[in-house]
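Before any comments, here is the structure.
Model, not experiment: these values are computed from the prediction.
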2 protein chains.
Amino acid sequence: MENAQRGGRRRRRPRQSDIARVAGVSQTTVSLVLRGTTIGMSLAAETRQRVLDAAERLGYVPDPVATRLAAAGNAMLGLYTFSATFPTDVAHSYYPILAGVEEEAAAQGQDLILFTGSSRSGTGAGDPASLRRVRVADGCLFFGRHVPDEPIRQLAEDGFPFVYIGRRNEPDVPYVGADYVSASAAVLAGLAAAGHRRVRYLREHDQAPSSADREEGVLRGARSTGTETAGLVVRTDGTGLNGLLASWLDDGVTAVVVEQTDTGAALAGLGAAIERAGLRCPRDLSLAVLGAPVGARGRAPGGGAVFSGFDVPMREMGRDAVRLLLRLIEGAEGVETRRLLPCEPVDGGTIAPPRPPGRDPRRE
Amino acid sequence: MENAQRGGRRRRRPRQSDIARVAGVSQTTVSLVLRGTTIGMSLAAETRQRVLDAAERLGYVPDPVATRLAAAGNAMLGLYTFSATFPTDVAHSYYPILAGVEEEAAAQGQDLILFTGSSRSGTGAGDPASLRRVRVADGCLFFGRHVPDEPIRQLAEDGFPFVYIGRRNEPDVPYVGADYVSASAAVLAGLAAAGHRRVRYLREHDQAPSSADREEGVLRGARSTGTETAGLVVRTDGTGLNGLLASWLDDGVTAVVVEQTDTGAALAGLGAAIERAGLRCPRDLSLAVLGAPVGARGRAPGGGAVFSGFDVPMREMGRDAVRLLLRLIEGAEGVETRRLLPCEPVDGGTIAPPRPPGRDPRRE
DNA sequence: CTGAAAGCGCTTACAG
DNA sequence: CTGAAAGCGCTTACAG
């Protein structure tokens, strides 16, 4: 191996002109054969081969930056996350999305550029400079609950192809999201079918579309099943749940629905309150989670059962976003650019018929 | 947003020459003031202002692609994994490494290219063509237990900077690994201190350096503590553990040490055998794992306790590999290019004093 | 203090 | 079938 690594003069990467010299042709010709361009189809097979050989021998690899400057594609897709791509503390909640993106990118022969600009600033907001860098890729996937509008607008205006992972409100923005509305409504329907009429829906203060959609679904589901809507929606930052839980029990609430976000604050707070009160699910209280938590945290408190509710098809969202982005890059017409994927219902065992009226689970 | 995404004609973005025209200066001057370059410090304040104003008015935004081309070096680090980067089935075992890499890359202002070449071919072996692609990055991180030598050699010869994550045997190859030898020896010492003399070490057939190191550490630890070495090392592919376990108990074995690999075959097989035999750890049998499994699988069988053994500092390995790679890229002298990071011992509650001789846990 | 020029490594008309 | 030339939008010596 020689110690090429240390101080060893690094040999300059070969470029097309090097190949040209070796093969005895012009740089233009090199570019033509290397791109396998269909325009200058008429290349002598022998010339072609000579160029190919030289390129192989020199270990040529096209420079993606130069390629992009000259306005061509380079088989690289970007992924820009408006929060650390690999969060430490968030229990890897978004890992499956990354997995899906990587999987499909690989299947399509695309490399993936992870743009790290956003994670640097602790804010999680993408700073404009780092956002601009995404242009070295052929197109970019965006992802994160909170996203700055302006820089993205810029990209859109310039015709740079991109796709959001997660539904967006802005018109004309391509995205692949999850159908939280239907899935949430279905959960309420399930609760109603089990006999619950007085339910609480716990959501965080977050304003993201995914939260709004869940709430809409919950309300829609409640209305269509005759579940009480008064006092149904409760906002929390994850604290003060002990008191809330107590008041709910006083009011005869028999089931609680929680949204699962990246912070997991609401669910964590509720879980703690339930444990503290010594309640058992679903005997004392039915529980449903909108959007299944990932990994080890997917256990219901005091039971070991898996939460009832629905799964977010994160992996599939990642995959589909890659497919859509590729379509946009190739300029395909008539592609559906706003997609909602169905969420799989999960019958996890935390929903049961309501406890008999008048029975206070805390006195047992 | 106009429908810029689909075929819409896009307005040309302003460039430096536009500013130059408006401000009545040369494009060079524009570049100078915009970069705030320290070299051409001597810019008339008035000129400077004029340029700044024009830039502001035109809404100028530098083109990152052009900037990079001109500046040489593209602030991209590669990560090439000799297996799917985001495995589905392997319980995300390597996730923390990715997290560390991403974290440090972000801190250093580097973007990350995930090369997907290796995952495409089901083989997990990187095909030479895809491997060559890594040259588009300024340098590359390699990762995976089994790695093809030849293409890497090529890269080294060309002076392309790279770093392995995980120890390598080849001389002169830069790496950041874990000190499995010391950590494994320490585990044996702990077992000996608890009173165990007859121990079995279960490893897979795998030949990777990380496996070899663990075995070496186990043997070293056994020798220095008077633990029996005869029959100590046992190889398995994860099957036939029921029989093996029975024979060990017959032989008076009181503790088992298992290596944890990416497949987890040995540990999974052993765990199943233990459960099947109805043994409880550590009462009936002490257990230690060399290299902690990740996430939900980190629970010991029949107990719920965390495994004793040690943690692999994956996140820190990722971070440190990025740092080292950056040093190599900048051509730093006298850098330690072969690093082993210490593994944190884990006292997880699966090690206890040996059961009394003659007590057969299976008859209780 | 400022500008003309070359160059980063490619692609793409346009001529032969 | 192949090459000379211009251009993508910047940066960086090098001259004035």
Atom-pair distance ([atom1] on [X]; [atom2] on [N]), nearest Å:
X: L58(A); N: dG9(C); atom1: CG; atom2: P; value: 14 Å
X: L34(B); N: dG9(D); atom1: CG; atom2: C1'; value: 12 Å
X: R135(A); N: dC10(C); atom1: CZ; atom2: P; value: 22 Å
X: Y60(B); N: dC10(D); atom1: OH; atom2: C1'; value: 7 Å
X: L69(B); N: dG9(D); atom1: CG; atom2: C1'; value: 9 Å
X: L32(A); N: dA15(C); atom1: CG; atom2: P; value: 17 Å
X: I19(B); N: dG9(D); atom1: CD1; atom2: P; value: 13 Å
X: Q49(A); N: dC1(D); atom1: CD; atom2: P; value: 16 Å

On the nucleotide [N], are OP1 or OP2 found under 4.0 Å from the side-chain N or O atoms that [X] carries?
X: Q27(B); N: dA5(C); value: no
X: S26(A); N: dG3(D); value: yes
X: T29(A); N: dG3(D); value: yes
X: R68(B); N: dG9(D); value: no
X: T28(A); N: dT2(D); value: no
X: R15(B); N: dC8(D); value: yes

Within a radius of less than 6.0 Å around CD of E56(B), do more than 12 heavy atoms belonging to other residues, nucleotides or ligands occur?
no

Taking CZ in R327(A) as the centre, count heavy atoms belonging to other residues, nucleotides or ligands within less than 6.0 Å. Is the count above 12?
no

What nucleic acid atoms does [X] come within less than 4.0 Å of, heavy atoms only: base, sugar-phosphate, or nothing?
X: V51(B); answer: nothing
X: V25(B); answer: sugar-phosphate
X: S17(B); answer: nothing

Do you know the tightest heavy-atom contact between L52(B) and L34(B)?
CD1-CD1, 3.8 Å

With both distances under 3.5 Å as the test, what is the Watson-Crick or G-U wobble partner of dT2(C)?
dA15(D)

Minimum side-chain heavy-atom gap V176(B)-V163(B) below 4.5 Å
yes

Where does the angle between the aromatic ring planes of F162(A) and F142(A) fall among parallel (under 30°), tilted (30 to 60°) and perpendicular (over 60°)?
perpendicular

From dC10(C), dT2(D), dT11(D), pick the nucleotide closest to the side chain of T47(A)?
dT2(D)

